[in-house]
Structure formats: structure tokens, C-alpha cells
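First comes the structure, then the notes that go with it.
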Amino acid sequence: MSHSSISSSEPLAKRGWERVQWRVGRPRDWWLALLMVAAVVAGTEVFVRVVVLPPGIDPGYWRPAQALRVQRLEQMRATGRGPDLLLIGDSTAEHGLIPSELARALGPDATGLSLATDANGIGVLPYTTEPFLRDWAPEVTVFCNGWGPTRRVPLTSGATSIMGSPVIRRQLGQQRLLERAGLQMMRFLEFAGFWMQGLPDLQPDGFLPLAGMKTPSEELARLATVVPAESIPIDPERWATVERLAALTAGRGRLLALVIPPRIMRGMNDDDADVKEALRALAARFAPHAVVIDLHHPSWSKYEYYLDESHVNVDGAAVFTAAVRDELAAALARRAAAPPLPQ
């Protein structure tokens, strides 16, 4: 009896297993599918690296311009001498300061290079820029960014995109090929597309001017309306990044310039007063190896310098750069006159 029951149940079990296989496939089919996906992703990366891009360009970066800047930095360091001045920060630095001109504060033969890029604010700087400064430091580091992200606020969409780029995920040990295969493949293809469009405005020193018509003064006047100051506290973890940069610079006897960029003033309201105070206190602690250069004041509220509320155009960049260069020269003179660091 029992034998009959067991025998009659076998076809049912077999048919049930066949239905499961029909729905999810056999294990061997899954492995073949995974291998095919891995091959497509790897093939895409090889194609982009070998066929589309010149040697040394990493398509894992979020923008071709940044891959070029990093390549240039590594080439300069490989010669035994990196740039004398390094510009870091977000789009206010990328479009507003000319590194080769800033370097003239050090002398006519000094070199400057920018690693500044859009959305590269204080929230992502530990991953995008700080690694380059842990075992090497230029004579001058100029850190310019909109200091709003120093507060306890969410990352912008641009910063989130940077953190999701393959080069950052590799650094954090979070790259899972099969889990993120589609995203990574699309990023490489997007990078290749941007590359093939060309980067005609990127300068050898990494400066990327904002070309185009100036924004009408009526529109900028609308942006300059007074708004209430937000009482969002400074984020301790993000502020610690500024502290580390100042300590690294001072410990090597170099100079860190903390630049507050110009922008169309919102009336006479200064909604970053607490951040400015914290920056000045930090610079005083590490003097003469740190200085605050504050260009956020009414004398910079000239509409002809701007493309939008916080980004200067090409004309504004020339004036902005000259002002920062003069401040750097004065700070370097103070550092030279100070007693040497204790050994």
C-alpha cells in the first residue's frame, strides 16, 4: 500500500520540479546568464578603455574633465615634482579660479593645477580629493567652495552621483560587478559619449571657463532678494575634513587658503556668518599656514561678473583670480617672515 502511494507520488513530484525549472530555469542556465552579463560589462569597459579613450584615462570618473585633471596630476607627480599650487573644491572654483594665474603668487615659474569639479563640496571631498594629499602636499592648496554643504544637509544630486561612480566605489570596496553591472556599463558608455563630444574649453591647468552670454541684470536682481538665514548647524564630520586639511598643511609647513567665493549678495543678509567665523578661528589656530580669503561682500555684487547667482563668467573669473592671487602673495610673505616650525 505504502509502496503504491510512493510510486504514484513520484510523477507528481517530477512534474512539480519541471514547473519550477520552467519558471526559474536550471542552475546551469543561471550561471550562463551571469557569465554573459559579466562578459558584456567587461567587454564594454575594455572597448571604452582601449578603443575610445587614450591611455591613462580612467572611465570610472563621473566626468571626463575630472579624469583628465587626475591624469595630469599623476603625470606631473611622476616627474618628481607635482604642481606648486593645487586648487580643490566645487564648481565655484572649477569655473571661477585660474590655477596657472594663482601660481604666479609663488613666482613666474610656478605651476598650478585644478582638481575642482562640479558638486565636489565638503561632503565628498574626503573621497575625491583628500587621498591625493595624504602622502604629498603642494606648496599652496587653495580650497574654494560654496560653504553651505558644511552644514548638516543632504548631499546634492551631483554629489550623490559622484559617490556612485565606479572610481569612488572601487576606493570604498563597494563595487559589486553583477549587482551593479547595468549601472556601471551605462556609466562607461555615458563617459565615452561625453568624451567623443570633446572638451574644447578645458584648459591645460584644469580651469573650465563658463562661456556664453551674461545673465541679464534684471534676472540676477531677482536672485538677490533677501531670504531668511537658515539655522542649520555645521556638520561635525564635514567640518573635520577642513580640520584635517589644515593640520596636514601646517604639519608640512605649507599654506592652505580657504576661499569664500563671491556671489550676488542677498541684500545685506549674510547667512553664512557662523561658517565664516569658524573658518577664521581655524585659520588663526594654524597661522601662518592657513588663511581665509573672503570675497563674499558687496563690492563683488556686480552683475556683469556673473552667469548666475554663484558662478562667475569669464570676465568675473579673471578679476576673482587676481584678487585671490594678491591675497595669496600677502599670506606667503607672512609665512616667510614667521619663525620656522619646531623640529
Side-chain angles (χ1 to χ4, degrees), residues 73 82-94 97 102 113-117 119-156 159-160 162-163 168 171-172 229-261 270-296 324 327-328 330-332 334-335 338-343:
L73 174 62
D84 301 298
L85 179 143
L86 187 69
L87 174 64
I88 63 176
D90 62 11
S91 57
T92 60
E94 177 183 32
L97 287 171
L102 292 177
L113 182 70
S114 173
L115 285 186
T117 182
N120 189 34
I122 195 70
V124 299
L125 203 81
Y127 312 101
T128 61
T129 309
E130 194 175 342
F132 294 108
L133 298 171
R134 287 174 187 153
D135 60 351
W136 163 82
E139 191 65 32
V140 176
T141 301
V142 178
F143 182 15
C144 171
N145 86 143
W147 293 93
T150 311
R151 303 183 187 281
R152 195 172 294 159
V153 295
L155 291 177
T156 64
T160 301
I162 289 175
M163 292 303 295
I168 300 299
Q171 181 189 141
L172 297 175
E230 295 185 81
S231 57
I232 301 175
I234 294 173
D235 185 280
E237 184 177 348
R238 294 177 184 177
W239 184 254
T241 300
V242 189
E243 295 262 2
R244 286 196 304 273
L245 288 174
L248 278 171
T249 305
R252 294 163 175 163
R254 308 300 172 87
L255 177 67
L256 173 66
L258 301 162
V259 179
I260 303 170
D270 186 351
D271 54 2
D272 288 329
D274 59 335
V275 177
K276 289 185 178 184
E277 182 180 352
L279 288 170
R280 291 191 181 103
L282 181 74
R285 275 173 50 206
F286 290 98
H289 300 285
V291 62
V292 174
I293 301 176
D294 184 1
L295 296 182
H296 178 211
V324 173
E327 294 276 1
L328 286 177
L332 288 166
R334 290 193 297 272
R335 189 191 65 171
L341 287 172
Q343 298 297 320

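- The salt bridge (charged side-chain N to carboxylate O under 4.0 Å, His left out) check on Arg334 picks up nothing, with sequence neighbours excluded.
- Under a 3.5 Å cut-off, the side chain of Asp235 and the backbone N or O of Thr150 do not form any donor-acceptor pair.
- Every residue was checked against the side-chain hydrogen bond (donor to acceptor under 3.5 Å, both in side chains) condition with Thr156, not counting sequence neighbours, and none meets it.
- Among pairs with a residue in residues 121-145, those fulfilling ring pair (Phe, Tyr, Trp, His ring centres under 6.0 Å) read Phe143-Trp147, at least two apart in sequence or across chains.
- Considering all non-hydrogen atoms of both residues, Arg152 and Pro236 come closest at NH2-CD, 3.3 Å.
- Checked against side-chain hydrogen bond (donor to acceptor under 3.5 Å, both in side chains), Arg335 has the following partners two or more places apart in sequence or in another chain: Glu139.
- Thr241 and Arg238 form no side-chain donor-acceptor contact under 3.5 Å, judged by distance and modelled atom types alone.
- Among residues two or more places apart in sequence or in another chain, the side-chain hydrogen bond (donor to acceptor under 3.5 Å, both in side chains) test is passed with Thr249 by none.
- The side chain to side chain contact (heavy atoms under 4.5 Å, CB included) search around Arg280 returns Lys276, Val292, Asp294, not counting sequence neighbours.
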Exercise for the section: Run the numbers on Leu133 and Leu86 for side-chain contact (heavy atoms from CB on, under 4.5 Å), then give the verdict. Expected result: CA-CA 10 Å; Leu133 298 171; Leu86 187 69; 3.8 Å; yes
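- Contact between Gln171 and Pro131 at its shortest, heavy atoms only, is OE1-CG, 3.8 Å.
- When all heavy atoms are compared, the tightest approach of Leu87 to Ala93 is CD2-O, 3.6 Å.
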